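Below is one structure, written out as structure tokens; the observations come after it.
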Number of protein chains: 2
Amino acid sequence: MKGQDVILGVLLEAPMSGYDIKHYFEKHFPDMFVASFGTIYPTLNRMEKEGLIEKEIVLQEGKPNKNIYHITEIGKEAFHAYIQSPIEPKTIKYDFMMRLVFGRYVSQQQLLEWLKQELHQLKEDLVKLRSQDEDPCDCYCDCQKLALRFGIAIQQAGVTELENIIDEFENFGQKETAF
Amino acid sequence: MKGQDVILGVLLEAPMSGYDIKHYFEKHFPDMFVASFGTIYPTLNRMEKEGLIEKEIVLQEGKPNKNIYHITEIGKEAFHAYIQSPIEPKTIKYDFMMRLVFGRYVSQQQLLEWLKQELHQLKEDLVKLRSQDEDPCDCYCDCQKLALRFGIAIQQAGVTELENIIDEFENFGQKETAF
DNA sequence: CTAGCCATGTAATCGGTTACATGATTGG
DNA sequence: CCAATCATGTAACCGATTACATGGCTAG
């Protein structure tokens, strides 16, 4: 699964600009895929050259012009190839968890700070997912609801466990650690 | 958090070869960081040139020689710089969840297969984490136990939710989908 | 006998990030 | 007035992956 595949997937739903695509990503699958403009624009340009998508320039008043991209037949075939390919194993880079593993090299204060910081982040993400889940505007298909539900379950578990950990931390052990 | 940081972290614990490092990664933090030999060996060579680590060649009988790497003072400083830097946001690439989102473009059979496949994978990972948790051989520090506990909680939530989803899937809805 | 483990490495490539550049409009 | 939003792009770089090459030992 690379940028191209996800872009094709969202363009299959509706024609969009690079700017729109990024916001779509952030709103609909923040916990599955991340892409910056630096990825999206060059990818779109390459895809256009390869004939996977077509550009339509939309002039706007008071705003910069938009490049709205439409998926082509070739693009649909490429998406199809992706969706039929074997699922790639998930890859995670979870710095917070790594810090926990190396936690003995920092102070208890630092560790507690990290825990609270991560809890805050997880809660924030959870709120986003939940609000998305309840939003009737976006008419998600059943599958998207499934994805959302799965994501929420995982996120919720993380929040709960972190809360427990922080609780124990504040009530018990203040053992020494050193670098 | 890049390969180098994690390598330094494990070398701080014990001198190791590239081969060992990979296995250490897989055993101790499968759900936090992934690295292939193609990443590890070039990284180790670069790190040696930069003086972060030192190579000790260990001759073995009946097996190829090992390059055991030791962390240097410069390496320790580099690790320290990492551990003091702000925590990087986690990045995930979760193809399975993406497939769920695009689930409407495949058959119900395909979707169900994907769900079962992922459940199988999650369960397998969970067993690994649990066995690691119970293993008294590895004397983990409290922090590592925390990381493990956190990982297990998340993994467990995923398994439970997937089981529910599959259950509903098999008992209800067989609506039509098309590409 | 053959598959798998042990063990290391390199060259080519890829996918993505960072930092920069541009520039108008709107809201506080 | 400043920050944010809208909107696109490029050049340099980086970290990592893939595919290949080597080769002996061990267990089924």
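Computed from a predicted model, the values in this text were never measured in an experiment. Lettering follows sequence order; numbering is per chain, from 1.
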What are the atom names and distances for every N/O pair under 3.5 Å that joins the protein to nucleotides 8-11 of chain D?
unit_1 : atom_1 : unit_2  : atom_2 : d
D:dT8  : OP1    : A:Asn67 : N      : 2.8
D:dT8  : OP2    : A:Tyr19 : N      : 3.0
D:dT8  : OP2    : A:Tyr41 : OH     : 2.9
D:dT8  : O3'    : A:Asn67 : ND2    : 3.3
D:dG9  : OP1    : A:Asn67 : ND2    : 3.1
D:dG9  : OP2    : A:Asn67 : ND2    : 3.3

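- Of the side-chain N and O atoms in B:Lys2, one or more sit less than 4.0 angstrom from OP1 or OP2 of D:dG15.
- No chain of hydrophobic side-chain contacts below 4.5 Å, direct or via other Ile, Leu, Val, Met, Phe, Trp or Tyr residues, connects A:Ile92 to A:Phe33.
- Looking at the side chain of A:Lys93, the nearest of the listed nucleotides C:dA7, C:dG16, D:dA16 is D:dA16.
- Counting non-hydrogen atoms under 4.0 angstrom, B:Lys22 reaches nothing in the nucleic acid.
- Using a 3.5 Å distance cut-off with no hydrogens or angles, the side chains of A:Gln156 and A:Arg130 do pair a donor with an acceptor.
- Distance CE (B:Met47) to C1' (D:dG15): 14 Å, rounded to an integer number of Å.
- With A:Tyr94 as the aromatic partner, B:Lys90 meets the cation-pi criteria of under 6.0 angstrom to the ring centre and within 45 degrees of the ring axis.
- At whole-Å resolution of the value, CZ in B:Phe25 and P in D:dT17 are 11 Å apart.
- Atoms CD (B:Glu61) and P (D:dT26) sit 11 Å apart, rounded to a whole Å.
- Rounded to a whole Å, the CD atom of A:Glu26 is 11 Å from the P atom of D:dC6.
- The distance between atom CD of A:Glu88 and atom P of D:dT17, rounded to the nearest whole Å, is 12 Å.
- More than 12 heavy atoms of other residues, nucleotides or ligands lie within 6.0 Å of NZ in B:Lys22, so this atom counts as buried by the packing criterion.
- Distance alone, capped at 3.5 Å, places no donor-acceptor pair between the A:Arg104 side chain and the B:Cys143 backbone.
- For the pair A:Arg46 and A:Tyr41, the NZ or CZ position fails the cation-pi test of under 6.0 Å to the six-membered ring centre and within 45 degrees of the ring normal.
- For B:Glu50 and D:dC14, the CD to P distance is 11 Å, given to the nearest whole Å.
- Looking only at distances, a side-chain donor or acceptor of A:Gln132 sits under 3.5 Å from a matching main-chain atom of A:Lys27.
- Between A:Gln60 and D:dC6 there is no side-chain polar atom (N or O) within less than 4.0 angstrom of OP1 or OP2.
- Distance from the side chain of B:Pro64 is smallest to C:dC6 among C:dT18, D:dC6, C:dC6.
- Distance A:Met1 CE to C:dG15 P: 13 Å, rounded to the nearest Å.
- B:Leu59 has its CG atom 15 Å from the C1' atom of D:dG24, to the nearest Å.
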